[in-house]
Amino acid sequence: MEIDQPKVQLGDIPPNHTVYANNLDDHIKKQELRTQLYCLFAQYGVILDVVALKTPKMRGQAFVTFRDVASATQALHSLQGFSFFGKPLRLQYAKCKANVVAQMEGTFDPRSRPKRKVEFGVAPGGGKKAVGTGAQEVVARADEPSRSAPAALGASARAEADGAAAAAAAAAAATAEPPNKILFVQNLPDVVNEQMLRLLFQQFESFCEVRLVPGQAGIAFVEFGDDAKAGVAMKALQAFKVTPTHTMKISFAKA
DNA sequence: AGCACA
């Protein structure tokens, strides 16, 4: 005879594009959490969105949405119990369909509330006015099902896979100057602002500040606590695609 | 434990 099954049975929830994760360390900053989850889960497939809220009800939880259910399934099984920031991941399928997925299927019904998430960089409608209100809500998301240009997080992972050549060139350039706690960032699109750059760089330890150069579009300085920490950030974000056409070049600033 | 996306 069968005894009642304890805790969560995966079978309770049908397969979904989205993996629901809980038991997350809730003192991790939201952006950091999303970035780390993105990096961890991206090995199982194309990620459309990572949602993490810090509201009382939603803290310690996150939603990772894949383009394909099979990827979600793969990730769910492979990463079940994975030690993430010292705590084992608890994974299930999400109970509901993510908005991105509904959009992908063309069934998105904005009856609740129409969402205007801001893309990092170029606004889909074109033009140079990109970020207005919700600049801190940068999302990793694909707008078009097929050859989408995922923003922020997606681009970061893409930059890894993508720019062998660009990265090599940038790395070569990076070695031109000796280590410095200040980084020199080039090839930024002219729509970037400090807020956006901060989002990218603040996830690294000992981040201090971002400085744009008035009158000098496309470049910025980013300061860290010391040379080594700056170097870590540089390596991680080297060749990051800020937009599909702008690949960041990072080097140590001149002393 | 807790299933959202403004």
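So that the names make sense, note that chain A is the first sequence line, chain B the second, and so on, each numbered from 1. No hydrogens, no waters, no symmetry mates; every other heavy atom, side chains included, goes into these values.
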Calculate the interatomic distance between [X] atom [atom1] and [N] atom [atom2]; express it in whole Å.
X	N	atom1	atom2	value
A:Met58	B:dA4	CE	P	4 Å
A:Asn22	B:dG2	CG	P	8 Å
A:Asp49	B:dA4	CG	P	15 Å
A:Asn23	B:dC3	CG	P	15 Å
A:Asp12	B:dG2	CG	P	12 Å
A:Arg59	B:dC3	CZ	C1'	16 Å
A:Leu89	B:dA1	CG	C1'	16 Å
A:Leu76	B:dC3	CG	C1'	14 Å

key: Sidechain-backbone polar pair: A:Asn187 side chain, A:Met248 backbone, donor-acceptor under 3.5 Å   = no
Neighbour count above 12 (heavy atom, 6.0 Å) for A:Lys54 NZ =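 For A:Lys54, atom NZ is crowded (more than 12 foreign heavy atoms under 6.0 Å).
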task = Identify whether any heavy atom of A:Lys97 sits under 4.0 Å from a base atom; if not, whether one sits that close to sugar-phosphate; answer base, sugar-phosphate or nothing.
result =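 Counting heavy atoms under 4.0 Å across all strands, the contact made by A:Lys97 includes a base.
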request  = Check ring pair (Phe, Tyr, Trp, His ring centres under 6.0 Å) between A:Phe207 and all other residues, then give those that pass, not counting sequence neighbours.
outcome  = A:Phe224
inquiry  = Assuming nearest nucleotide by heavy-atom distance, tell me which of A:Leu53 and A:Pro56 is located more 5' along DNA chain B.
reply    =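 With A:Leu53 and A:Pro56 compared, the 5'-side residue is A:Pro56.
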ask   = Who are the side-chain contact (heavy atoms from CB on, under 4.5 Å) partners of A:Lys95, not counting sequence neighbours?
value = A:Ile13
query = Side chain of A:Ala98: nearest nucleotide among B:dA4, B:dG2, B:dC3?
reply = B:dA4
query = B:dC3 base stacked by A:Phe63? Criteria: ring centres under 5.5 Å, plane angle under 30°.
reply =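 Stacking is absent between B:dC3 and A:Phe63, given that the ring centres and planes do not meet under 5.5 Å and under 30°.
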